[in-house]
Amino acid sequence: MKRLLSFLTILVCVTAAGKQPKITSRPFGELSTGESTTLYTITNRSGASMQLLDYGARIVSIMMPDRKGHNGDVVVGFGDIENFEKKDRFIGPVIGRFGNRINHAAFTLDGTRYELVANEKLGGEPVQCHGGTMGFDRFVWDAAPVKEDGRAGVKFHRVSPDGEQGFPGTMDVNVTYWLTDSNTVRVEYEATTDKPTVVNLSNHTYFNLKGNEGGYVMDHLLQVEADTCIQNNAQFCPDILRHVDGSPFDFREPHRVDYRIDMPDEHLRIMRGMSACWAVRNWDGTLRKAADLYDRKSGRGMQTWTTEPALLTFTGRSFDGTYKGKYGPIEKFGGMLMETIHFPDSPNQPRFPSTVLRPGQKYRSVTEFRFYVK
């Protein structure tokens, strides 16, 4: 019996060692412009997988095991190019040049005022959100599969020309998504510029750890490494820095996302629901844990680690069941952002870490979504 067990152990180890990460690609359809798009599928040694689309350099799906070992898709979104282009442009893509909002759709840098393309009007004022009407999510990126020991991925590249959506400088951008054999999705951002500019890149994926069945995401347990949160103004830009103590945003210990959703609070009133931005505790630019999200039913969990100073979440209150997702209608509160980012409106608010990028410098940012089961 001992010899048989030893043989089986060796066989399992050899079989696992023999598997290699795999990257495949296939056409995903044409945009209204006639441009072709390509979907990339990365599968790691354990059978977990991730799908990436060159339109918007976006995450389309992430298949991760539950506590029974069954893979399920933890990403909310679409299964066809038409919906990504025409329904909700901010499901899964890279957002930039500047993720989230810039108040008054303008900023001043080195004495020059730059007027940006506004794509929102809030509180009677123009606002640019996620890079404007033609942000990074609206373009087909160059893509190249990449492999290293223990991980495989896709490197996306595009050049944003000087003046795009009002931003100065020609910016050369690379975003690389990796899937590791330990079920971590790592996102690496890099950028350079030929003129002083601002940059704030992130990914806008909606997660639901319940898997394909989806459903109400507010019963997930959330823990956030933050003592301070933001109260927004009427333009949904930072106004007041608040301690989380006694607020609906105190997730220093794990709680259901909706555990204080009915609590009287000015930020909840302004944002019309759960949409929060926290300052990551003891931020110094190194990779550190920002949050932990866990679904008790499936046993799936996801730690978010980042080099960014802020974590922003939104719980899909704008979904209403009219969007046809991969597995059926996308219901209200059906997905949750874990958006790692520099603070919104940073170019206009010197109290926050700088988002200025100058010639000769390289912008670098890393975020990891570390999946686990318990």
Visitor: Does the pair Arg281/Asp227 count as a salt bridge with the N-to-O cut at 4.0 Å?
Guide: yes
Visitor: Could you tell me if the ring centre of Phe251 sits under 6.0 Å from that of Tyr259?
Guide: yes
Visitor: For Ser346 versus Phe352, what's the shortest heavy-atom pair and its separation?
Guide: OG-CB, 3.7 Å
Visitor: Using atom types as modelled and distance alone, determine if a side-chain donor or acceptor of Asp66 lies under 3.5 Å from a backbone N or O of Gly69.
Guide: yes
Visitor: Is Glu225 paired with Arg288 through a side-chain N to carboxylate O contact shorter than 4.0 Å?
Guide: no
Visitor: Checking side-chain polar atoms at under 3.5 Å, does Asn100 have a donor or acceptor matched by the opposite partner on Asn200?
Guide: no
Visitor: May I ask you to decide whether Arg269 forms a salt bridge with Glu266, counting only side-chain N to carboxylate O separations under 4.0 Å?
Guide: yes
Visitor: When the ring planes of Trp283 and His342 are compared, do they come out parallel, tilted or perpendicular, using 30° and 60° as the limits?
Guide: perpendicular
Visitor: Any salt bridge linking Asp110 with Arg358? Criterion: basic side-chain nitrogen under 4.0 Å from a carboxylate oxygen.
Guide: yes
Visitor: I'd like to check the ring-ring contact (aromatic ring centres under 6.0 Å, His included) partners of Phe207; sequence neighbours left out, ordered by chain and number.
Guide: Phe369
Visitor: Only pairs at least two apart or in different chains count here, so list each ring pair (Phe, Tyr, Trp, His ring centres under 6.0 Å) that has a residue in residues 53-88.
Guide: Phe78-Phe84, Phe78-Tyr323
Visitor: As a quick check of understanding, evaluate ring-ring contact (aromatic ring centres under 6.0 Å, His included) for Tyr206 and Phe319, giving each step before the final call.
Guide: CA-CA 11 Å; Tyr206 288 90; Phe319 299 141; 5.0 Å; yes
Visitor: Is a side-chain donor or acceptor of Asn119 paired with a backbone partner of Cys129 at a separation under 3.5 angstrom?
Guide: yes
Visitor: Can you give me the closest heavy-atom contact between Arg45 and Gln20, atom names plus distance?
Guide: NH2-OE1, 3.5 Å
